[in-house]
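Below, all heavy atoms of this structure are taken into account, side chains as well, without hydrogens, waters or symmetry copies. On a predicted model such as this, the values are computed, not experimentally measured, just so you know. Start at 1 and go down the list; that is how both ligands and their atoms are numbered.
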Amino acid sequence: MTGIPWLLHGLLVLSCLISDASAIYTPLREYAGNTFFDNWAYYGNVDNTTWGNVTFVDKDAATQKKLTYVNDAGNAVVKVDDLTTIAPAQLVNRDTIRLTSLHSYGVGTLILIDAVHIPYGCSVWPSFWTYGIEQEWPLAGEIDIIEGINGMENNQVALHALGGCLKAEVPGQQTGVTIEGDCSKPQGCLVAETKPNSFGMGFAKAGGGVFALQMEESGIYSWFWSRPDIPANVQNGQFSSQSIDTSRWGIPSAGYPSSRCNITQFFPPQNLVLLTTLCGVWAGNPSIYQQTCKTPTNSCVADNIIGPGDKFATAYWEIRYIRTYTNNNATSQSPSDSTSKGPSVITKTVTVSATVQDTAATSNGAHAQRHKPLGMLWILYCLVFFWR
Ligand SMILES: *[C@@H]1O[C@H](CO)[C@@H](O)[C@H](O)[C@H]1NC(C)=O
Ligand SMILES: *[C@@H]1O[C@H](CO)[C@@H](O)[C@H](O)[C@H]1NC(C)=O
Ligand SMILES: *[C@@H]1O[C@H](CO)[C@@H](O)[C@H](O)[C@H]1NC(C)=O
Ligand SMILES: *[C@@H]1O[C@H](CO)[C@@H](O)[C@H](O)[C@H]1NC(C)=O
């Protein structure tokens, strides 16, 4: 074969590889600006899941202490108390925030978060993640979209599920590095981001960036772009008028094809969680802490949480928006919040009164549709290619 046929062959092979992650999504809900904090529950409790030495304050305390607010740039700020000096005591807790979305998002959803700053520093453990509330956490699945600790410089993505959900490895499916392939293990099926500036000081210095999560019956996929690399179809346009075609995004950072994990079974509708905890079972684990932070007594609590708050000057989220989208198969559903469609679920772990489930279609819909005209031919091509 010469020139053109080879090019065509290359393009087709590439389309085989990225096809699972392609779909067109329409806007569903935006958390941004002055209304950012409207659709979240504040935890108002200690950290009883990861055992950080914190109190996740309620909305009144958060507002009064200015731990959540919208800044002059119109961005949402979600921070750790960096003003209070805490005296040594047997039990110390620094105030911080855990937010849980009032709405849940199922298969057929795309979630974007554009952040200018993610909390970092010794003892600091931020995460933006999802969990299913149909059963007690984490029985209905958990997806970690942004997570890291202490001095880490790269983001980590993970799925947590009951036994029977494994990470399939397909060549060319992701740019990140798989660290664990069994989603029922304590760290979940874990993928480390390899692109620079995905976490910590580097993320902030580059002006932040965008993380995306796509949940489809065919798989779960996540992308990260540092500010200069954000794709045009994410960078431009108003939320309400902008459909997003994920096929232009290239290979995801983390890919979990459904071939070894039934996504609809293990990941029922998920609520979003944005939090920062301090120390706790990961950041505060003595051996991990000592590897990632050098502080006077090697104690996460004594060297950080106790004493003045100024160590937490970088422990804040600054978020331009969180946007949710649904695939075309679900556009017949009204995106309006006022009418509750689907079951209303009372969450067991947070004081969310009712959760509206966005019943994005449970189906393959959009990406199968995209290839309809040449669908069979294309599938045959991919099969032949991978069989050789
Ligand atoms: C920090 O939190 C852990 C886990 O809850 C607890 O065992 C420990 O006593 C706490 N330390 C202090 C000084 O409060
Ligand atoms: C995946 O799980 C769903 C829900 O439990 C079930 O309806 C479906 O048949 C399963 N798909 C496969 C391929 O096993
Ligand atoms: C955490 O505390 C809340 C409020 O007391 C409770 O509803 C929830 O069940 C607890 N979660 C865990 C995992 O213990
Ligand atoms: C939605 O999904 C169903 C079930 O898979 C499929 O038959 C239908 O063609 C899809 N509709 C659209 C508009 O994509």
Side-chain angles (χ1 to χ4, degrees), residues 20 41-59 80-81 84-96 98-100 106-108 122-125 127 129 131-142 149 159-166 168 183 186 215-220 256-271 273 275-286 288-289 295 297-307 311 345-353 355 357 359-365 368:
D20 269 1
Y42 286 66
Y43 202 62
N45 195 10
V46 295
D47 179 357
N48 64 355
T49 54
T50 53
W51 307 107
N53 300 80
V54 298
T55 301
F56 295 121
V57 298
D58 62 21
K59 188 165 192 169
V80 174
D81 174 1
T84 305
T85 297
I86 294 179
Q90 248 182 346
L91 261 182
V92 298
N93 283 317
R94 189 170 279 281
D95 286 349
T96 180
R98 173 176 167 160
L99 301 174
T100 307
V107 163
C122 282
S123 81
V124 179
W125 177 0
S127 55
W129 52 287
Y131 76 110
I133 62 167
E134 288 178 358
Q135 297 178 64
E136 190 73 44
W137 175 85
L139 297 180
E142 172 185 332
I149 53 161
L159 304 190
H160 295 265
L162 299 175
C165 171
L166 302 173
C183 307
M215 292 173 65
E216 285 293 340
E217 197 175 76
S218 58
I220 290 178
Y256 302 88
S258 60
S259 52
R260 300 191 72 195
C261 177
N262 184 331
I263 304 297
T264 24
Q265 178 192 338
F266 287 101
F267 297 92
Q270 304 276 304
N271 286 44
V273 180
L275 66 75
T276 311
T277 192
L278 304 174
C279 301
V281 292
W282 189 22
N285 173 304
I288 295 171
Y289 180 77
T295 57
T297 71
N298 285 330
S299 158
C300 187
V301 176
D303 293 347
N304 298 284
I305 294 177
I306 293 169
K311 294 187 193 78
V345 185
I346 308 299
T347 156
K348 296 192 183 76
T349 49
V350 288
T351 46
V352 184
S353 56
T355 297
Q357 182 182 327
T359 39
T362 54
S363 82
N364 47 13

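- Of all the heavy atoms in L275 and W125, the pair that sits closest is CD1-O, 4.0 Å.
- Using a 4.0 Å cut-off to heavy atoms of N45, the atoms of ligand 3 that qualify are 1 (C), 2 (O), 3 (C), 4 (C), 5 (O).
- In the vicinity of Y43, heavy-atom distances shorter than 4.0 Å reach the ligand 3 atoms 1 (C).
- Within the 4.5 Å cutoff, the side chain of F267 has no heavy atoms near those of the V107 side chain.
- Taking the ring-ring contact (aromatic ring centres under 6.0 Å, His included) definition, one finds that F56 meets it with Y43, sequence neighbours left out.
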Disulfide (SG to SG under 2.5 Å) between C300 and C122, worked out
CA-CA 8 Å; C300 187; C122 282; over 6 Å; no
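- With a 4.5 Å cut-off on side-chain heavy atoms, F266 and C261 count as touching.
- Using a 4.5 Å cut-off on side-chain heavy atoms (C-beta onward), T277 and T96 make no contact.
- Using a 4.5 Å heavy-atom cutoff, the side chains of V124 and V80 are not in contact.
- At least one N or O atom of V92 sits closer than 3.5 Å to an N or O atom of ligand 1.
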Could you pull out every N or O of ligand 2 that sits under 3.5 Å from a protein N or O, with the distance for each pair?
{"unit_1": "ligand 2", "atom_1": "2 (O)", "unit_2": "N262", "atom_2": "OD1", "d": "3.2"}
{"unit_1": "ligand 2", "atom_1": "2 (O)", "unit_2": "N262", "atom_2": "ND2", "d": "2.4"}
{"unit_1": "ligand 2", "atom_1": "11 (N)", "unit_2": "N262", "atom_2": "ND2", "d": "2.9"}
{"unit_1": "ligand 2", "atom_1": "14 (O)", "unit_2": "N262", "atom_2": "ND2", "d": "3.4"}

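- Those atoms of ligand 3 that come under 4.0 Å of a heavy atom in E136, given as number and element, are 9 (O).
- Against a heavy-atom cut-off of under 4.0 Å, V301 is close to the following atoms of ligand 1: 13 (C).
- The shortest side-chain heavy-atom distance between L278 and K311 does not fall under the 4.5 Å cut-off.
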